Amino acid sequence: MPGTFLPSTSTQYIKFDFDGLLRSCESLFGNLSFFDTWKNYWLNVFLEQDEAIKEYMKKFPDTNPTVQRMKLIPKQNQPLDGYELYTFEHVTDYGTFYFHFDIAAMNYLKHHQHIPVQEIDLSDIYIDPDTIFLEDKIHDQRFPYFVRMYGTEKPYLCVDGNKRITSRIKQGHKKFQGYVFTPEHIQNVFFGSFEVFYYVFLYECDLMYRTIQETSDENEVLRCTQLYLQANFNG
């Protein structure tokens with residue numbers, strides 16, 4: 001979202017130039033006949049979501065999405081400042097977009113859906129650079145959580161288990177097994193629709209680019225887009 005929060009803080013709005021971001025896509029997709037329509041589709045989505053965030057902050061000025069999430073779990077005895085989330089900053093030339101991953105929701109998915117375990121090479125994993133080394137984590141055998149990301153320097157983001165991985169890096173490990181969350185799971189791991197839409201946008205751009213490399217059929221590229229899917233399969 002164009003803003004950030006911690007479990008015990010209010011939401012802070014941070015401006016993001018979505019129009020500039022979308023105009024920058026012209027270098028990749030400007031030759032497509034539907035580029036302007038595609039760009040306007042996503043701009044409208046982002047601006048609507050942006051207004052919704054501002055309205056949320058006006059309506060609930062001293063809260064954040066974590067509070068609403070915990071109200072949906074009446075038997076939850078965990079203190080608010082102990083609610084586990086992971087924040088990742090997607091830094092662009094047009095602003096920083098903040099992803100907030102709900103670790104509790106990911107725990108639920110792990111137990112109730114088939115989340116695959118894969119071995120990922122260290123060179124493909126983004127490890128939080130602020131992670132401190134804790135020697136006792138060497139013996140923690142729980143699998144970390146990796147999220148497949150798009151539009152980032154590395155394809156996998158470690159959202160839970162950074163200390164475990166850091167401890168094993170010190171031992172010389174180069175490959176790590178973990179639960180891998182992919183686009184099919186992503187709707188359930190964020191705190192709001194804005195982050196889902198932005199993730200889908202990044203995924204879509206990746207898919208469009210790969211399709212362009214494989215075919216000259218513009219219609220195949222169009223079929224990758226939410227613009228096409230929402231027009232043809234929504235309702």
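These figures come from a predicted structure and were not determined experimentally. All values below come from the heavy atoms of this structure, side chains included, with hydrogens, waters and symmetry mates left out.
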Quiz item: Should Asp121 and Lys175 be marked as a salt bridge (Lys or Arg N to Asp or Glu O under 4.0 Å) after you check the CA-CA gap, both sets of side-chain angles, and the distance that decides it?
Solution: CA-CA 4 Å; Asp121 192 271; Lys175 294 182 182 294; 3.1 Å; yes
Practice problem: Apply the test side-chain hydrogen bond (donor to acceptor under 3.5 Å, both in side chains) to residues Tyr94 and Asp19: give CA-CA distance (whole Å), side-chain angles for both, the deciding distance (0.1 Å), then the verdict. | Solution: CA-CA 9 Å; Tyr94 309 95; Asp19 184 54; over 6 Å; no
Quiz item: How far apart are the C-alpha atoms of Trp42 and Cys25, what are their side-chain angles, what is the distance that settles it, and do they pass the side chain to side chain contact (heavy atoms under 4.5 Å, CB included) test?
Solution: CA-CA 11 Å; Trp42 276 111; Cys25 294; over 6 Å; no
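Tyr150 carries Arg148 over the face of its six-membered ring, with the cationic atom under 6.0 Å from the centre and within 45° of the normal.
The backbone N or O of Thr96 lies less than 3.5 Å from no partner atom in the side chain of Glu89, so there is not a single donor-acceptor pair. In this structure, the side chain of Asn64 engages the main chain of Leu6 through a donor-acceptor pair within 3.5 Å. A donor-acceptor pair is defined here as one N or O able to donate and one able to accept, closer than 3.5 Å; no such pair exists between the side chain of Gln49 and the backbone of Phe197. Side-chain atoms of Glu204 come within 3.5 Å of backbone atoms of Gln226 as a donor-acceptor pair (strictly under, hydrogens ignored).
For Phe5 and Phe191, the ring centers are positioned less than 6.0 Å apart. Taking the ring centroids of Phe181 and Tyr145, they lie under the 6.0 Å cut-off. Side-chain rings of Phe88 and Tyr126 approach one another, their centers coming within less than 6.0 Å.
Considering only heavy atoms from C-beta on, His100 stays 4.5 Å or farther from Pro65 through its side chain. Contact annotation: the side chain of Phe34 approaches that of Val221 to within less than 4.5 Å [non-hydrogen atoms, C-beta and beyond]. Proximity of Cys158 to Ile165: side-chain heavy atoms (C-beta onward) are separated by under 4.5 Å at one or more points. Side-chain contact between His173 and Leu122 is absent, with no heavy-atom pair separated by less than 4.5 Å. The shortest side-chain heavy-atom distance between His185 and Pro116 falls under the 4.5 Å cut-off. Under the 4.5 Å side-chain criterion, counting only non-hydrogen atoms from C-beta, Phe143 is not in contact with Phe176. Contact of the Asp160 side chain with the Phe101 side chain is not registered, since no non-hydrogen atoms from C-beta on lie closer than 4.5 Å.
Applying the 6.0 Å contact sphere to CD of Gln177 captures more than 12 heavy atoms from other residues, nucleotides or ligands. Remark: Lys154 NZ is packed, more than 12 non-hydrogen atoms of other residues, nucleotides or ligands lying under 6.0 Å away. Within a 6.0 Å sphere centred on CD of Glu119, heavy atoms belonging to other residues, nucleotides or ligands number more than 12. More than 12 heavy-atom neighbours from other residues, nucleotides or ligands sit within 6.0 angstrom of NZ on Lys54. Heavy-atom neighbours of Lys163 NZ from other residues, nucleotides or ligands within 6.0 Å: at or below the threshold of 12.
Under the 4.5 Å side-chain heavy-atom criterion for grouping Ile, Leu, Val, Met, Phe, Trp and Tyr, Phe146 is not connected to Val159 through any hydrophobic cluster. Both Tyr179 and Leu109 are part of a single hydrophobic cluster, where members link through side-chain heavy atoms under 4.5 Å apart. Residue Leu157 is not grouped with residue Ile125 when hydrophobic side chains (ILVMFWY) are merged at heavy-atom distances under 4.5 angstrom, including chains of intermediate members.
In summary, the side chains of Asp50 and Tyr13 do present a donor paired with an acceptor at a separation below 3.5 Å, with no hydrogens or angles considered. No hydrogens or angles considered: nothing links the side chains of Thr152 and His90 as a donor-acceptor pair under 3.5 Å.
Between Tyr198 and Phe99, the two ring planes are tilted [angle within 30° to 60°]. By the 30° and 60° cut-offs, the orientation of the rings of Tyr56 relative to Phe60 is tilted. Taking the six-membered ring for Trp and thresholds of 30 and 60 degrees, Tyr199 and Phe190 have ring planes inclined between 30 and 60 degrees apart.
Taking each heavy atom of Asp128 and Thr131 in turn, the nearest pair found is O-OG1, 2.8 Å.
Remark: Tyr209 OH to Leu207 CG distance equals 13.5 Å, nearest 0.5 Å. Atom NZ of residue Lys174 and atom CD1 of residue Ile169 lie 8.0 Å apart, to the nearest 0.5 angstrom. From Leu47, atom CG reaches atom CG of Asn40 across 10.0 Å, with rounding to the nearest 0.5 Å.
Screening Asn162, Asp102, Val147 for a side chain to side chain contact (heavy atoms under 4.5 Å, CB included) involving Tyr86 leaves a single residue, Asn162. Across Phe194, Phe46, Phe97, Phe18, a single residue satisfies ring-ring contact (aromatic ring centres under 6.0 Å, His included) together with Phe201, and that is Phe46.
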